[in-house]
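What follows is one structure encoded as structure tokens, with my remarks underneath.
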2 protein chains.
Amino acid sequence: MKARLIGVGRSTLAEEARAEIERMITEGELTAGEKLNELELSVVMGVSRGTVREAIRSLAGSGLVDLIANRGAFVHETTLSEVQNLYELRGAIFAMACGAAARRYGQGDEPRLAEDLARNIEQMNAAREAEETPNYYILNIEFHDLLLAAANNPKAKAIYDNVKREMHLFRRRGLSIASNIARSLEEHRAIAEAVIAGDENASRDAANEHIRQGFDRYMATATRQRQADA
Amino acid sequence: MKARLIGVGRSTLAEEARAEIERMITEGELTAGEKLNELELSVVMGVSRGTVREAIRSLAGSGLVDLIANRGAFVHETTLSEVQNLYELRGAIFAMACGAAARRYGQGDEPRLAEDLARNIEQMNAAREAEETPNYYILNIEFHDLLLAAANNPKAKAIYDNVKREMHLFRRRGLSIASNIARSLEEHRAIAEAVIAGDENASRDAANEHIRQGFDRYMATATRQRQADA
DNA sequence: AATATGTAGATTGTTGACAAAATATCGAGA
DNA sequence: TCTCGATATTTTGTCAACAATCTACATATT
């Protein structure tokens with residue numbers, strides 16, 4: 001007896017509403033600082049206000065929305081100093097994950113990690129040479145996700161994803177300059193090497209360095225763009 | 001013109017309900033794995049079910065309760081492998097915070113940090129010599145909070161607090177053996193020294209080491225207690 | 001003109017009721 | 001006795017209405 005499971009993952013209306021609001025925010029239909037009107041959203045989405053309210057509340061926990069009692073919910077505005085904090089937080093978690101991945105690989109708990117990382121880096125190199133920036137972007141995310149998965153720490157991964165999304169929200173503009181990609185790729189190689197060597201400390205350091213460099217690249221690009229705008 | 005502010009801090013009913021449920025969990029009135037009955041809680045607390053529901057939903061984001069659609073909310077059960085993950089996560093954030101604190105102190109952004117840390121360590125040493133374990137416990141928390149505060153990263157602090165609370169839930173039994181306290185104190189000294197020297201990398205390493213040692217001490221004590229139980 | 005006050009409208013906070021799903025109960029048949 | 005299945009009860013999901021609070025605008029006051 002076998003059948004396609006129906007309704008699996010189909011969850012509550014509130015969860016679907018949450019996903020929809022989340023999409024609206026990440027895709028820019030709702031901009032930073034904008035107020036979320038419960039009634040308006042409920043009409044647009046065709047559910048009751050209570051359901052929308054529940055969705056908004058659950059979003060607040062992820063940092064995408066700020067709640068003020070009796071005043072409502074607002075799309076979180078990320079300041080520049082917060083961006084630095086987000087980078088540091090992301091770096092801390094990523095470094096920890098790389099250390100854990102190295103340990104687990106060394107113990108034989110992640111047998112496929114080596115080939116997965118090698119394949120990813122190879123594809124990334126190909127994307128770089130072909131100057132296929134969108135592919136590079138996807139592969140870049142995959143690289144980090146591979147290591148997060150290998151760390152086998154779901155809560156850390158959840159936090160990492162939240163931080164990533166909030167950062168993504170801030171820097172809508174791509175930061176994909178050819179030289180940046182080349183350097184980033186080298187850093188990936190260094191991380192993968194340390195992890196596959198099973199060296200926890202080296203993995204952590206390489207990961208930390210990667211995020212730090214990423215922040216520097218971000219700041220440089222942001223400054224340049226700001227000058228270009230002026 | 002001056003008057004006492006009224007209604008400050010008084011928030012919504014749902015927030016108060018959340019705080020109350022949180023208390024019930026942390027104080028053990030609701031045990032791990034137990035189901036949270038919305039109606040029951042609403043009667044006990046004298047608010048409507050919807051309000052309780054909102055409180056429970058907001059707690060889910062902090063990891064204290066797990067939600068299952070159409071089945072309800074359950075107090076999160078922390079497994080042993082999760083404990084290790086929590087230690088690692090806490091270590092990552094604490095190490096990052098110590099690094100940031102070192103940088104900020106070096107830049108003159110946290111002028112009071114040096115004396116605060118020195119005072120804390122001195123009091124801790126006094127508590128150790130007097131064998132006042134409860135005081136030691138409070139001072140230990142304060143030490144970590146001082147550094148988290150100096151890092152000036154609110155989101156990191158929020159996550160740290162969540163993790164800390166979840167860990168606290170798991171290990172009800174104290175782990176305060178005299179020799180442990182002495183070693184822990186030495187590690188604190190090392191951290192403070194690195195931070196006040198403004199050395200980011202050394203601060204991170206010292207913090208990481210501290211949490212790692214803490215985990216080892218925890219495992220040793222837990223194993224010993226398990227043997228004693230058998 | 002600038003500031004305070006009052007009032008109407010809009011929005012959030014809270015509740016109770018109904019619908020849908022899950023769980024418990026109980027009996028029939030092997 | 002045990003398993004399966006129908007039924008009753010409990011519990012969650014969703015909604016609409018009411019109450020409390022905030023916001024915006026008009027009016028009055030200096």
Side-chain angles (χ1 to χ4, degrees), chain A residues 1 3-22 24-25 29-61 64-77, chain B residues 1-22 24-25 29-31 33-61 64-77:
Chain A
M1 178 60 179
R4 201 178 70 81
L5 288 164
I6 59 172
V8 167
R10 184 199 156 277
S11 38
T12 65
L13 268 180
E15 283 178 66
E16 293 184 35
R18 177 200 154 117
E20 177 63 7
I21 296 173
E22 199 171 321
M24 285 178 168
I25 295 175
E29 288 176 34
L30 293 167
T31 62
E34 191 169 350
K35 185 166 197 254
L36 301 179
N37 187 312
E38 294 180 355
L39 183 61
E40 192 180 338
L41 283 170
S42 76
V43 171
V44 171
M45 300 170 52
V47 295
S48 85
R49 196 166 69 84
T51 301
V52 168
R53 186 179 170 84
E54 189 172 321
I56 291 175
R57 298 322 238 218
S58 83
L59 270 175
L64 232 52
V65 164
D66 299 319
L67 296 181
I68 305 177
N70 292 318
R71 298 246 344 248
F74 302 82
V75 178
H76 179 72
E77 286 188 274
Chain B
M1 178 61 180
K2 193 166 183 180
R4 201 177 69 80
L5 288 165
I6 60 172
V8 168
R10 186 195 157 281
S11 40
T12 65
L13 269 181
E15 282 178 66
E16 293 183 35
R18 178 200 153 117
E20 177 61 7
I21 296 173
E22 201 171 319
M24 285 178 166
I25 295 175
E29 288 177 35
L30 293 167
T31 62
E34 192 170 347
K35 186 166 198 259
L36 301 179
N37 187 311
E38 295 179 354
L39 184 61
E40 193 180 337
L41 284 169
S42 76
V43 171
V44 171
M45 299 170 53
V47 297
S48 85
R49 195 167 69 84
T51 301
V52 168
R53 186 180 170 84
E54 188 172 320
I56 291 175
R57 300 320 237 220
S58 83
L59 269 175
L64 232 51
V65 304
D66 300 318
L67 296 180
I68 305 179
N70 292 317
R71 299 241 349 244
F74 303 82
V75 178
H76 180 72
E77 286 188 274

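So you know, we letter chains A, B, ... as the sequences are listed, proteins then strands, and number each from 1.
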Would you indicate, yes or no, if D/dC15 has its OP1 or OP2 atom less than 4.0 angstrom from a side-chain nitrogen or oxygen of A/T51? yes
Apply side-chain contact (heavy atoms from CB on, under 4.5 Å) to B/A60 and list each qualifying residue two or more places apart in sequence or on a separate chain. B/V65, B/L67
For atom CG of B/L13 and atom P of C/dT12, their distance in whole Å: 18 Å
Partners passing side-chain hydrogen bond (donor to acceptor under 3.5 Å, both in side chains) against B/R57 (at least two apart in sequence or in another chain): A/E54
When the rotation axes relating C1' atoms of four end pairs to the next four are compared across the helix from C/dA1-D/dT30 to C/dA30-D/dT1, five pairs an end, they differ to 10° by 20°
Whole-Å gap separating C1' (C/dT12) and CD (B/E15): 13 Å
Please state whether the phosphate of D/dT12, meaning OP1 or OP2, lies under 4.0 angstrom from any side-chain nitrogen or oxygen of B/N70. no
Measure the distance from CD on A/E54 to C1' on D/dG13 and round it to the nearest whole Å. 8 Å
Who pairs with B/E20 by salt bridge (Lys or Arg N to Asp or Glu O under 4.0 Å), at least two apart in sequence or on another chain? B/R23
Within residues 38-48 of chain A, which residues have any heavy atom lying less than 4.0 Å from an atom of DNA chain C? A/E38
Proximity to the side chain of A/T12 - top-ranked nucleotide from D/dT11, D/dT14, C/dT14: D/dT14
What does B/L36 touch in the nucleic acid at a heavy-atom separation under 4.0 angstrom: a base, only the sugar-phosphate, or nothing? sugar-phosphate
Would you tabulate the side-chain donor-acceptor contacts of residues 38-46 of chain A under 3.5 Å, counting partners in other chains and residues two or more places apart, or write 'none'?
| unit_1 | atom_1 | unit_2 | atom_2 | d |
| --- | --- | --- | --- | --- |
| A/E38 | OE1 | A/R49 | NH1 | 2.5 |
| A/E38 | OE2 | A/R53 | NH1 | 3.1 |
| A/S42 | OG | A/L39 | O | 2.7 |

Tell me whether the OP1 or OP2 atom of D/dA20 has a side-chain N or O from A/R71 closer than 4.0 Å. no
Are A/F74 and A/R71 close enough, and set up right, to give a side-chain contact (heavy atoms from CB on, under 4.5 Å), and what steps lead you there? CA-CA 9 Å; A/F74 302 82; A/R71 298 246 344 248; 3.9 Å; yes
Interatomic distance where CZ belongs to A/R49 and P belongs to D/dA19 [whole Å]: 14 Å
Counting just side-chain N and O atoms, does B/R53 come under 4.0 Å of either OP1 or OP2 of D/dG13? yes
From CG of B/N37 over to P of D/dT9, roughly how many Å is that when rounded to an integer? 18 Å
Check against side-chain contact (heavy atoms from CB on, under 4.5 Å), A/T31 and A/V75: CA-CA 7 Å; A/T31 62; A/V75 178; over 6 Å; no
What is the distance, to the nearest angstrom, from the CD1 atom on A/I56 to the P atom on D/dT14? 15 Å
Whole-Å distance, A/R57 CZ to C/dT12 C1', equals 9 Å
A/N37: what forms a side-chain hydrogen bond (donor to acceptor under 3.5 Å, both in side chains) with it, not counting sequence neighbours? none
Any B/K35 side-chain N or O less than 4.0 Å from OP1/OP2 of C/dT23: no
Residue pair A/V47 / A/V52, side-chain heavy-atom distance below 4.5 Å: yes
Taking side-chain contact (heavy atoms from CB on, under 4.5 Å) as the test, write out the residues that go with B/A55, two or more places apart. B/A17, B/R18, B/I21
